[in-house]
Amino acid sequence: MALLLVAGSIGLAACAGNPNTGSIQSTVPTPTETQEEPVKAELTWQAAKAQTQAMELEIAGLIPKDKVASVFQKETGVLLSCNKTDHNWNGWIDIALTADANVVEVIKSLELHYSGGSFEVTTRKGIDGDYQVHLLGTAPGEGYLIGRGLTPNVIRIDSGSPCFTLPEGIYPGGDF
């Protein structure tokens, strides 16, 4: 019986918290108290894909609606290697512009929008000489290449997600 009373007293004392604060406090030490780095949540390929596709749509949404004829976002993509252990998800979205829209002007407006923000913005000429804008994210592997699509008056945004580690046993080939 005495053991039960002692155990009950310890349990109640733990629930009472610090009497000087007036509230219950965690007894788990914080990273500052233990001098450890906080644990980072692992990015899954599904979350990386969703985040990247959302960014594709955000970029496409910056194009004035009166200049957009249609938007087609590829549902699946592929995984490419970032290094020996990590991969990133890669996909694309096509934005067909109206006949009166100028592809290069629209691409330059997207460049201007992202200049000075969280992306590193660079420009280049593609293999066909067309103007392209590359948005390089802060996370390894993250980037968006904005340029002329495969058909006239289409802008294609090729995208790559931040790098992530695939779970054991998942083969990186095929569609994701």
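- A distance of 11.5 Å separates CG of D86 from CG of L79, quoted to the nearest 0.5 Å.
- Judged purely by distance below 3.5 Å, without hydrogens or angles, the side chains of T85 and N83 pair a donor atom with an acceptor atom.
- Side-chain contact between V68 and I95: present, with at least one pair of heavy atoms (C-beta onward) separated by less than 4.5 Å.
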Notebook entry, point to check: How far apart are the C-alpha atoms of I155 and V106, what are their side-chain angles, what is the distance that settles it, and do they pass the side chain to side chain contact (heavy atoms under 4.5 Å, CB included) test?
Noted result: CA-CA 9 Å; I155 291 176; V106 172; 3.4 Å; yes
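- Counting heavy atoms from C-beta outward, L135 and I59 have side chains that approach closer than 4.5 Å.
- F164 and H87 have tilted rings, their planes meeting at an angle from 30° to 60° on a 0 to 90° scale.
- In this structure, T165 and E42 have side chains that are in contact, with non-hydrogen atoms separated by less than 4.5 Å.
- Under the 30°/60° scheme for interplanar angles, the aromatic rings of F72 and W92 are found to be tilted.
- Within a 6.0 Å sphere centred on CD of Q46, heavy atoms belonging to other residues, nucleotides or ligands number more than 12.
- I157 and V154 fall into different hydrophobic clusters, defined by Ile, Leu, Val, Met, Phe, Trp and Tyr side-chain heavy atoms under 4.5 Å apart, directly or through other members.
- A pairwise comparison of heavy atoms in L43 and C163 identifies CD2-O, 4.0 Å as the closest pair.
- Under the salt bridge (Lys or Arg N to Asp or Glu O under 4.0 Å) criterion, D94 pairs with R156, not counting sequence neighbours.
- Across all non-hydrogen atoms, the minimal contact from I93 to A60 is CD1-CB, 4.3 Å.
- A cation-pi arrangement is not found for K49 relative to F176, the charged atom failing to lie both closer than 6.0 Å to the ring centre and inside a 45° cone about the ring normal.
- Counting only distance, with no hydrogens or angles, the side chain of Q73 and the backbone of Q53 share a donor-acceptor pair below 3.5 Å.
- With a 4.5 Å cut-off on side-chain heavy atoms, F119 and Y144 count as touching.
- In this structure, T98 OG1 and K67 NZ are separated by 5.5 Å, a value rounded to the nearest 0.5 Å.
- At a threshold of 4.5 Å between side-chain heavy atoms, the hydrophobic network of Ile, Leu, Val, Met, Phe, Trp and Tyr places Y114 and L112 in two separate groups.
- Applying the salt bridge (Lys or Arg N to Asp or Glu O under 4.0 Å) test to D66 and every residue at least two apart in sequence or in another chain returns nothing.
- A donor-acceptor pair under 3.5 Å links the side-chain atoms of S159 to the main chain of G91, judged by distance alone.
- Here the NZ-CD distance, from K74 to E56, works out to 11.0 Å after rounding to the nearest 0.5 Å.
- L166 and V78 fall into different hydrophobic clusters, defined by Ile, Leu, Val, Met, Phe, Trp and Tyr side-chain heavy atoms under 4.5 Å apart, directly or through other members.
- One distance of note links NE2 of H134 with CG of D158; it measures 9.5 Å at 0.5 Å rounding.
- The shortest non-hydrogen separation linking S161 to T52 is CB-OG1, 2.9 Å.
- Closest heavy-atom contact between A47 and T44: N-OG1, 3.0 Å.
- In this structure, T138 and E142 approach most closely via the heavy-atom pair N-OE1, 3.8 Å.
- Between Y131 and the choices E111, R124, R148, the side-chain hydrogen bond (donor to acceptor under 3.5 Å, both in side chains) rule is met once, by E111.
- When hydrophobic clusters are built by joining Ile, Leu, Val, Met, Phe, Trp and Tyr residues whose side-chain heavy atoms come closer than 4.5 Å, directly or via intermediates, V104 is grouped together with V133.
- For the atom pair I107 CD1 and I63 CD1, the distance stands at 8.5 Å (nearest 0.5 Å).
- Of all heavy-atom pairs between L62 and L110, the closest is CB-CD2, 3.7 Å.
- For the 3.5 Å distance criterion, the side chains of N88 and N90 qualify, holding a donor opposite an acceptor.
- Here the CD-CD1 distance, from Q132 to I146, works out to 10.0 Å after rounding to the nearest 0.5 Å.
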